Amino acid sequence: MLRFSSPEQAIGYRYTPVFRKISTLFAHQLRPYDITPEQRSVLYQLYLEEGINQKELALRTDKDQPTVTRILDVLDKKQLIIRRTDPADRRAFLICATDSAKKLIQDTIPLELALNELLVSGVTDEQLQLLEQIMQQIQHNIDKIYQD
């Protein structure tokens, strides 16, 4: 088994720059739409299922609730979401995407898919499956740490 003998070999150290570069590339593609990848991830969740609350959005986007609130405030100013009072809890809001937001997501899905195709160029399906298995195991290990 590979053991890490220096911090430079640590998973976070080695792969955080890759994630940042991917995020930067996607952010560049989203500029004409006046939206960030973080804002788009929230909108995408609303595109998949309308009328979910901020807590659920935080879970689905892996962001804390204050961050999601800030993102929602920006999206509200851009008129991309509608907040409705939750009939089951008057203190909570259900968030819905506007028609403009739905169009934005539909327009940007091909950008994201094309970027992903470029990113995995030269990588076989078997390698991608192995990467998926590895990432699931790492996520499982992270989840166990948080549960302890």
Side-chain angles (χ1 to χ4, degrees), residues 2 4 7-86 88-89 91-121 123 125-148:
L2 174 66
F4 301 107
E8 292 84 10
Q9 292 175 324
I11 290 171
Y13 185 88
R14 291 182 60 110
Y15 299 109
T16 296
V18 173
F19 169 76
R20 284 189 186 134
K21 288 176 184 175
I22 293 169
S23 187
T24 299
L25 284 168
F26 194 44
H28 180 73
Q29 290 185 324
L30 291 175
R31 272 191 205 139
Y33 299 90
D34 189 31
I35 196 164
T36 66
E38 294 78 16
Q39 293 165 6
R40 187 185 175 280
S41 72
V42 169
L43 280 181
Y44 185 71
Q45 291 305 314
L46 295 172
Y47 177 81
L48 294 175
E49 183 178 349
E50 286 217 350
I52 57 178
N53 63 34
Q54 290 178 220
K55 183 177 181 180
E56 184 63 26
L57 276 172
L59 288 171
R60 292 182 186 195
T61 58
D62 198 31
K63 298 180 186 332
D64 60 39
Q65 289 192 49
T67 299
V68 169
T69 299
R70 285 191 298 275
I71 291 170
L72 290 174
D73 288 344
V74 171
L75 295 174
D76 194 21
K77 287 178 186 168
K78 293 179 179 185
Q79 299 181 337
L80 294 171
I81 63 162
I82 299 168
R83 288 177 166 127
R84 296 194 173 117
T85 304
D86 184 347
D89 181 356
R91 298 167 296 159
F93 291 98
L94 300 178
I95 315 299
C96 297
T98 64
D99 289 342
S100 297
K102 292 173 191 173
K103 181 172 179 354
L104 185 149
I105 293 299
Q106 290 169 350
D107 290 347
T108 58
I109 286 172
L111 296 175
E112 185 173 23
L113 295 176
L115 176 60
N116 278 299
E117 284 300 319
L118 287 172
L119 295 174
V120 298
S121 175
V123 179
D125 288 345
E126 292 79 16
Q127 290 170 319
L128 287 173
Q129 287 176 339
L130 180 58
L131 176 61
E132 178 63 24
Q133 290 170 356
I134 292 167
M135 296 307 292
Q136 285 178 3
Q137 182 62 52
I138 290 171
Q139 183 63 54
H140 172 76
N141 295 343
I142 290 168
D143 292 344
K144 274 180 41 180
I145 292 167
Y146 279 105
Q147 290 173 358
D148 292 345

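Computation of the quantities below employed the complete heavy-atom set of this structure, encompassing side-chain atoms and omitting hydrogens, waters and symmetry-equivalent molecules. Fair warning: this is a prediction, and the values are worked out from it, not measured in the lab.
Across every non-hydrogen atom of Tyr33 and Leu111, the tightest pair is CE1-CD1, 3.5 Å. Nearest heavy atom pair, residue Gly12 against residue Pro17, reads O-CD, 4.4 Å. Scanning both residues, Ala101 and Leu43, for their nearest heavy atoms gives CB-CD2, 3.8 Å. Nearest heavy-atom pair, Arg83 versus Asp73, reported as atom, atom and distance to 0.1 Å: NH2-OD1, 2.9 Å.
With hydrogens and angles left out, the side-chain atoms of Thr61 and Gln45 include no donor and acceptor closer than 3.5 Å. Between Asn116 and Glu112, the side chains place no donor N or O within less than 3.5 Å of an acceptor N or O (distance only, hydrogens not considered). Side-chain atoms of Asp125 and Gln129 include no donor-acceptor pair closer than 3.5 Å. Defined by atom type and a distance below 3.5 Å, a donor-acceptor pair is missing between the side-chain atoms of Arg20 and Ser23.
Proximity of Ile142 to Ile138: side-chain heavy atoms (C-beta onward) are separated by under 4.5 Å at one or more points. For the pair Thr85 and Phe93, the minimum side-chain heavy-atom distance is below 4.5 Å. Thr108 has its side chain out of reach of Tyr44: every pair of non-hydrogen atoms, C-beta onward, lies at least 4.5 Å apart.
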### Evaluation steps, side chain to side chain contact (heavy atoms under 4.5 Å, CB included), between Arg70 and Thr67
CA-CA 5 Å; Arg70 285 191 298 275; Thr67 299; 3.2 Å; yes
### Task
Assess whether side chain to side chain donor-acceptor pair (under 3.5 Å) is satisfied between Gln139 and Asp143, documenting all intermediate values.
CA-CA 6 Å; Gln139 183 63 54; Asp143 292 344; 2.8 Å; yes
#### Entry: Verdict with supporting geometry, Asp34 and Gln39, side chain to side chain contact (heavy atoms under 4.5 Å, CB included)
CA-CA 10 Å; Asp34 189 31; Gln39 293 165 6; over 6 Å; no
### Query
Ile95 and Ile82: side chain to side chain contact (heavy atoms under 4.5 Å, CB included), yes or no, with the steps?
CA-CA 6 Å; Ile95 315 299; Ile82 299 168; over 6 Å; no
### Task
Kindly indicate, with the supporting measurements, whether the criterion side chain to side chain contact (heavy atoms under 4.5 Å, CB included) is fulfilled by Thr98 and Ile81.
CA-CA 5 Å; Thr98 64; Ile81 63 162; 5.6 Å; no
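Counting heavy atoms of neighbouring residues, nucleotides and ligands inside a 6.0 Å radius, atom CG of Asp62 does not exceed 12 of them. Atom CG of Asp99 has 12 or fewer heavy atoms from other residues, nucleotides or ligands within 6.0 Å.
Looking only at distances, no side-chain donor or acceptor of Ser121 sits under 3.5 Å from a matching main-chain atom of Leu118. When atom types are taken as modelled, the side chain of Ser41 and the backbone of Glu38 share a donor-acceptor pair closer than 3.5 angstrom.
Distance check: Ser100 OG to Gln79 CD gives 8.0 Å after rounding to the nearest 0.5 Å. Atoms CG and CD, from Leu46 and Glu56 in turn, are 11.0 Å apart once rounded to the nearest 0.5 Å. Taken from CG in Leu131 to CD in Glu126, the straight-line distance is 13.0 Å, to the nearest 0.5 Å. Expressed to the nearest 0.5 Å, how far CG of Leu30 lies from CG of Asp107 amounts to 11.0 Å. A distance of 8.5 Å separates CG in Leu25 from NE2 in His28, rounded to the nearest 0.5 Å. Atom NZ of Lys63 is separated from atom CD1 of Ile71 by 5.0 Å, given to the nearest 0.5 angstrom.
For the pair Lys102 and Glu50, the salt-bridge criterion is met [side-chain N within less than 4.0 Å of a carboxylate O].
Across Leu57, Asn53, Ile52, a single residue satisfies side-chain contact (heavy atoms from CB on, under 4.5 Å) together with Lys55, and that is Asn53.
A search for side chain to side chain donor-acceptor pair (under 3.5 Å) contacts involving Glu117 returns nothing, not counting sequence neighbours.
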